[in-house]
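Report on one structure; see the data block that follows.
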Protein chains: 2
Amino acid sequence: MSHRDPAHASILIEGMRKNRVRVTSPRRAIVQVLEEAEDHLDVEEITERAKKIDASVHRATVYRTLDMLKRLHLVDELDLLHLRGDRHYYEVRSGGQHAHVICTRCGKVVEPRGEIMASCIDRLAEATGHRIDFYRLEAGGVCPDCEASD
Amino acid sequence: MSHRDPAHASILIEGMRKNRVRVTSPRRAIVQVLEEAEDHLDVEEITERAKKIDASVHRATVYRTLDMLKRLHLVDELDLLHLRGDRHYYEVRSGGQHAHVICTRCGKVVEPRGEIMASCIDRLAEATGHRIDFYRLEAGGVCPDCEASD
DNA sequence: TTCTATGCAAATTCTTTGCATATCT
DNA sequence: AGATATGCAAAGAATTTGCATAGAA
């Protein structure tokens, strides 16, 4: 069940096909990096990893590909409240949108999903009258572990 | 009841004094701009407006002052989901934190505050176990007016 | 075959920094 | 007086763009 198995194309590749953008080798590499990432990556890191899959991948292509994926709402862009520097981080938008809660002591990020977030956003929509299509909620605070080890 | 009335010092100036950072003329100008702003300003715009109050204000000072105000949690930094370009926007954190809901059609921003946001964040804190100190929630969608005029 | 995406390098834009001087407290 | 903030100019990052070529549909 590899990510390259054509019968099980990745969410991102599928989304790209659906939107009639071309599936090229650099894009395949970048997408694979994003889908295999365990944490949040910046452009530098994505480029580095993508080069290991396809050495020809250029940083400019990474920017262009990320723009494309953002426009299609296939990836989200975060900045983790700048608690880790001024870079931007990217993640696949699979399994619905979610919040990011960053511990200001240890830097760990947890990602609440599902009903909690849905009801939160529903009530926001109700209060403003908007139809809300996407959102980004990033919060900073102290995680239970750090709170305990005082 | 002017913003310069020493008896009614601005929230930001008060906050600065409380934190023992110096109240200088450039900082006064920048703070006045932030407090009088009706909308969200980027660094360029803040610099321009501050120069009208104190012509000597330099862009570098604006960056340094905003950093200082962010560190003291007196202003918040937004990017409005990059729906208006890649710049950063700043606003005074008065009257508590709040969300920003941006209409993807007309660009208008509304700012839900108060109980809705508080309960939202409370539940997030409960779900993760974090003590949440600050947050940023930006959402994109279609506002009622735009929805109506289809 | 036609249209889109890429690499590359240069240009832009955004932000930070060193340092001598000016300014707050 | 003593510590901190400022202006300026230059450096450093981050991101975008023009263009000829390569590659997907």
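We use all heavy atoms of the structure for the numbers below, so side chains are in, but hydrogens, waters and symmetry mates are not. The sequence lines fix the lettering, A, B, ..., with proteins before strands; numbering per chain opens at 1.
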* Taking NZ, NE, NH1 and NH2 as the nitrogens, is one of them in B:Lys108 or B:Asp145 under 4.0 Å from a carboxylate oxygen of the other? -> yes
* Can you check the A:Arg20 CZ to C:dT2 C1' distance for me, whole Å? -> 17 Å
* Structure fact -> When rounded to whole Å, the CZ to P distance for the pair A:Arg64 and C:dT4 reads 15 Å
* To do: Please check the phosphate of C:dT6 (OP1 and OP2 only) for any side-chain N or O of A:Thr24 closer than 4.0 Å.
  => yes
* When the distance from NE2 of A:His82 to C1' of C:dT15 is rounded to whole Å, what number comes out? -> 12 Å
* Nearest-angstrom distance from the residue atom CG of A:Asp54 to P of C:dG7 -> 7 Å
* Should the pair A:Lys18-A:Glu14 be classified as a salt bridge under the 4.0 Å nitrogen-to-oxygen rule? -> no
* Side-chain N or O of A:Arg59 less than 4.0 angstrom from OP1 or OP2 on C:dA9? -> no
* To do: Take the protein atom CD1 of B:Ile30 and the nucleotide atom C1' of D:dG7, then report the distance between them rounded to whole Å.
  => 12 Å
* **Lys/Arg N to Asp/Glu carboxylate O, B:Arg93 vs B:Glu91, below 4.0 Å** => no
* Asked: Hey, are A:Asp67 and A:Lys70 close enough for a salt bridge, meaning a charged N less than 4.0 Å from a carboxylate O?
  -> yes
* Heavy atoms under 4.0 Å, any strand shown: does A:Ser25 hit a base, just sugar-phosphate, or nothing? -> nothing
* To do: Keeping the roles fixed (side chain from A:Thr47, backbone from A:Val43), state whether a donor-acceptor pair exists under 3.5 Å.
  => yes
* Asked: Given D:dT15, is OP1 or OP2 found less than 4.0 Å from the side-chain N or O atoms of A:His88?
  -> yes
* Structure fact -> Whole-Å distance, A:Asp86 CG to D:dA13 P, equals 13 Å
* Structure fact -> Ranking B:Arg87 and B:Ala60 by the position along DNA chain C of their nearest nucleotide, the one closer to 5' is B:Arg87
* Whole angstrom is fine here: how far is it from OH in B:Tyr63 over to P in D:dC8? => 16 Å
* Structure fact -> Picking from D:dC8, D:dA25, D:dA5, the nucleotide nearest the side-chain atoms of B:Val21 would be D:dA5
* Separation of atom CG in A:Leu66 from atom P in D:dA14, rounded to whole Å -> 15 Å
* To do: Check whether the side chain of B:Arg22 and the base of D:dA3 form a donor-acceptor pair under 3.5 Å.
  => yes
